[in-house]
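In what follows, every heavy atom counts, from backbone to side chain, and hydrogens, waters and symmetry copies are set aside. Chain naming here is simple, since letters A, B, ... match the order of the sequence lines and numbering starts at 1 in each. If you're wondering where the values come from, they're calculated on a predicted model, not measured in any experiment.
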Amino acid sequence: MGNTSDKIKIITKYEGMPNSRSLDTYLSKGGYEGLKKSFSMQPAQIIEEVKASGLRGRGGAGFPTGLKWSFVPQNIQGPKYLICNNDEGEPGTFKDRYIAELSPHMIVEGMIIAAKAIGACKGYIYTRYEFFEEIKWLEAAIQEAYKAGFLGKNILGSGFDFDLDHYTGAGAYICGEETGLISSLEGKKGQPKLKPPFPAVSGYLGRPTVVNNTETFAAVPWIMINGAAAHKAIGTEKSAGTKLFSISGAIKRPGVYELPLGYSFERFLNDDCGGMIEGRSLKACIPGGASAPILTPEELKGLTMDYEAIAAKGSMLGSGAVMIIDDRMSMVELMKVIADFYHHESCGQCTPCREGTGWLANIMGGIYHKEGQKGDVDKLWTVAKAMEGRTICALSDAAAMPTKAITKKFGDELRAFIERGAGA
Amino acid sequence: MNSSNNSSIFSEKLKTVIEKELTRYETKRSAILPICHAIQDECGWVQEKHIDALEKEYSLNRIQVKEVLTFYKAYKQSEPKKFEIEFCDNIVCCMMGAKDAMAKIEELIEKQGVNSEFGLKGVPCLGVCDQAPAMLVNKDRHHKITNENVEKVLSRYSSTI
Ligand SMILES: Cc1cc2nc3c(=O)[nH]c(=O)nc-3n(C[C@H](O)[C@H](O)[C@H](O)COP(=O)(O)O)c2cc1C
């Protein structure tokens with residue numbers, strides 16, 4: 001969707017091709033060549049190459065991928081595992097689904113290369129329950145890869161064995177958090193675990209485990225074929241490569257766009273996406289999924305789409321889910337949706353999150369139903385403050401961050417609504 | 001439902017799935033989620049009698065099965081209606097008119113007296129925000145649902161709508 005000539009297609013390379021999901025199509029444009037290349041390399045070399053490429057995790061935190069792989073102990077007995085985080089629950093995000101729709105083999109290939117690098121014997125793709133069709137496509141790709149000899153015993157005569165399976169979630173946002181995902185894969189409730197130990201040392205069944213996002217794996221074959229330097233040359237100094245952005249909201253052409261990191265936000269919105277829907281104007285933008293702090297039109301001026309530039313504005317690139325909010329959307333409703341979502345999805349393990357999200361949802365429910373009290377906006381802020389940095393996983397922070405940003409930047413709108421409500 | 005000659009409450013098909021899942025992963029416990037999905041797909045929801053049978057026939061710990069069934073929202077806690085509508089009521093769908101469409105569905109269900117056939121609830125983001133508002137009817141995903149087109153979409157499921 002929406003690519004113009006100056007954009008490099010790494011992950012969306014097969015866009016527009018008929019039967020893009022099939023192995024034949026994938027092989028017709030260099031599919032599994034990255035795998036072959038990696039099998040001529042030592043595991044440490046693969047890791048070095050990915051490190052040098054500047055690839056950062058595309059699941060939200062942007063952690064350097066090669067570095068994560070290097071944390072896995074190399075010379076230990078027993079199994080190591082590899083997991084593809086295809087849970088995609090962050091509101092606004094729909095890019096991993098798109099990869100599964102377009103090129104499931106790219107995910108499989110990236111995983112085999114990663115498995116070779118860390119010495120994993122078994123991998124899982126963990127997909128959220130609601131992606132019914134996508135799950136079928138992923139399972140079909142795994143079967144095709146087995147038949148072609150890319151999975152299983154002695155892959156391509158290399159002596160390397162790797163099995164891959166698919167696992168379906170059951171409707172829990174928390175299972176996108178990597179340790180929650182691991183709990184879920186173990187057949188337990190999806191509650192996150194304290195880190196350290198990190199999964200790379202003690203993950204699935206207590207064994208070394210690497211969890212990466214779907215898009216992260218999909219970027220790996222290209223790096224193997226084209227080399228670290230070619231990848232590093234795309235994007236900015238610290239944000240290398242391309243990124244899939246799932247953009248939605250009050251714009252003419254919502255969808256998934258692959259852009260080099262560091263791309264101009266204004267160009268993205270106005271040229272690629274055709275600008276706002278007729279008659280609507282830009283009120284705000286959430287640049288990286290529901291947990292990313294909201295940005296005002298003022299803050300969006302001159303913004304570039306990379307980890308550093310968005311962080312400098314006090315928000316985050318996150319999963320690359322850009323939500324364009326127009327003047328018709330009330331901040332009361334937006335804040336209520338966000339509070340309800342995190343309250344619904346808190347796993348209940350840590351008090352600040354379980355209670356904090358409940359408070360946020362309660363206060364917002366009151367405001368929304370015109371029973372808001374003077375001081376509620378300050379209360380939202382105070383509760384959010386108390387939720388930060390005190391829990392096992394980042395869901396609590398993910399609820400606190402957007403709350404603080406909305407109360408700070410749109411506090412007047414909330415207060416005016418409360419006053420009107422009380423007077424009515 | 002029971003076509004086998006022993007006393008299992010599971011169909012032959014379901015038994016095959018359960019047995020396959022039990023050896024598919026590193027531990028038996030990992031099979032609980034997929035087994036519950038399979039039972040729900042065939043029987044509508046996982047009931048007490050299924051939990052009993054999983055324990056008796058396959059030695060699956062009932063506490064562990066209940067842990068899964070109560071934690072994960074995908075598992076139904078009571079007998080589902082014939083058509084369960086799950087409407088995304090998250091940020092983008094709300095912005096694009098989810099609330100109006102949901103109100104319209106409620107009105108339709110009420111007006112046509114099909115409460116026994118259709119269930120409606122709001123669910124978190126379905127991951128198709130570029131096609132907002134989105135909803136699931138059982139396992140079918142529908143895109144760009146508005147209060148104008150929703151009647152037509154639902155009429156595919158029931159002639160009374
Ligand atoms: C509450 C919560 C939800 C998350 N959901 C997802 C998700 O749906 N998909 C994902 O890839 N990462 C998600 N993450 C991030 C993962 O914990 C983890 O950082 C990521 O899978 C690592 O992969 P990466 O390094 O390739 O980005 C979530 C984190 C938190 C705290």
#### Entry: Atom group of B/Arg24 that falls short of 4.5 Å from chain A, counting heavy atoms
both
### Task
Would you sort out whether A/Glu186 and B/Arg29 count as a side chain to side chain contact (heavy atoms under 4.5 Å, CB included), showing the intermediate values?
CA-CA 6 Å; A/Glu186 290 169 346; B/Arg29 191 168 181 179; over 6 Å; no
## Note on the structure
Nearest heavy-atom approach of B/Ile91 to A/Met329 is O-CE, 4.1 Å
### Message
Report which part of B/Gln40 has an atom under 4.5 Å of a heavy atom belonging to chain A: side chain, backbone, both, or neither.
### Response
side chain
### Query
Atom OH of B/Tyr25 and atom CG of A/Asp165: how far apart are they, to the nearest 0.5 Å?
5.5 Å
### Task
Could you please state which residues from residues 97-118 of chain B sit under 4.5 angstrom from chain A, measuring non-hydrogen atom to non-hydrogen atom, sorted by number, or 'none'?
B/Lys99
### Task
Mind running side chain to side chain contact (heavy atoms under 4.5 Å, CB included) on A/Phe132 and B/Asp140 for me, showing each step along the way?
CA-CA 8 Å; A/Phe132 303 112; B/Asp140 306 333; over 6 Å; no
### Query
Would you find more than 12 non-hydrogen atoms of other residues, nucleotides or ligands less than 6.0 Å from B/Lys144 atom NZ?
no
#### Entry: Atom group of A/Leu205 that falls short of 4.5 Å from chain B, counting heavy atoms
side chain
### Message
Show, in sequence, the C-alpha distance, side-chain angles and deciding distance for A/Glu130 and B/Val128, and conclude whether the side chain to side chain contact (heavy atoms under 4.5 Å, CB included) test is met.
### Response
CA-CA 11 Å; A/Glu130 297 81 357; B/Val128 279; over 6 Å; no
### Query
Between the side chains of B/Ser30 and A/Tyr167, does any donor sit under 3.5 Å from an acceptor?
no
### Closest contact, heavy atoms only, A/Phe341 versus B/Asn90
CD1-ND2, 3.4 Å
### Query
Closest approach of A/Ile174 and B/Phe71, non-hydrogen atoms and distance?
CG2-CZ, 3.9 Å
### A/Arg253, part contacting chain B, at a heavy-atom distance under 4.5 Å
neither
### Task
Please look at A/Cys347 and chain B and tell me whether the side chain, the backbone, both or neither of the residue comes under 4.5 angstrom of a heavy atom of that chain.
both
#### Entry: Salt bridge flag under 4.0 Å for residues A/Lys122 and B/Glu26
yes
### Message
Show the nearest heavy-atom pair for residues B/Cys129 and A/Gly92, with the distance to one decimal.
### Response
SG-CA, 3.5 Å
### Query
Under a 4.5 Å heavy-atom cutoff, which of A/Glu345, A/Lys336, A/Lys95, A/Lys188 has the most pairs with chain B?
A/Lys188
### Query
Is chain B contacted by the side chain of A/Ser330, its backbone, both, or neither, given a heavy-atom distance below 4.5 Å?
neither
### Query
Above 12 or not: heavy atoms from other molecules or residues under 6.0 Å from NZ of B/Lys56?
no
### Query
When heavy-atom pairs shorter than 4.5 Å are enumerated against chain B, which of A/Ala172, A/Gly348, A/Gly249, A/Ala290 gives the highest number?
A/Gly249
### Message
Under 4.5 Å from any heavy atom of chain B, what part of A/Tyr342 do you find: side chain, backbone, both or neither?
### Response
neither
### Selection from A/Ala321, A/Cys175, A/Gly190 maximising heavy-atom pairs under 4.5 Å formed with chain B
A/Gly190
### Task
Taking all non-hydrogen atoms of both residues into account, name the closest pair between B/Met96 and A/Arg280 and its distance.
SD-NH1, 4.5 Å
### Message
Can you tell whether the side chains of A/Arg97 and B/Asp130 come within less than 4.0 Å, N to carboxylate O?
### Response
yes
### Message
Need one label for A/Asp340: side chain, backbone, both or neither, based on atoms under 4.5 Å from any heavy atom in chain B.
### Response
neither
### Message
Just verifying a value: how many Å separate A/Leu334 CG and B/Met95 CE, rounded to the nearest 0.5 Å?
### Response
8.0 Å
### Message
So A/Tyr129 and B/Leu33, do their side chains get closer than 4.5 Å, heavy atoms only?
### Response
no
### Toward chain B, the part of A/Glu133 with a non-hydrogen atom under 4.5 Å
neither
### Task
Could you check if a side-chain atom of B/Cys125 sits within less than 4.5 angstrom of a side-chain atom of A/Tyr173, using non-hydrogen atoms only?
no
### Message
Quick check on A/Glu101 against chain B: is it the side chain, the backbone, both or neither that has a heavy atom closer than 4.5 Å?
### Response
neither
### Query
Do you know which two heavy atoms are closest between A/Phe131 and B/Leu126, and how far apart they sit?
CE2-O, 3.4 Å
### Message
Using the rule given for side chain to side chain contact (heavy atoms under 4.5 Å, CB included), can you reason through A/Lys189 versus B/Val68, listing the C-alpha separation, both sets of side-chain angles and the distance that settles it, and then say yes or no?
### Response
CA-CA 6 Å; A/Lys189 57 185 173 220; B/Val68 163; over 6 Å; no
### Most contacts with chain B, counted as non-hydrogen pairs under 4.5 angstrom, among A/Arg128, A/Glu333, A/Glu90, A/Glu88
A/Arg128
### Query
At a heavy-atom separation under 4.5 Å, does A/Thr168 approach chain B through its side chain, its backbone, both, or neither?
both
#### Entry: Residue selection (most heavy-atom pairs with chain B, distance under 4.5 Å) from A/Arg328, A/Gln191, A/Glu134
A/Glu134
### Query
Side chain, backbone, both or neither: which part of A/Ile251 has a non-hydrogen atom closer than 4.5 Å to chain B?
neither
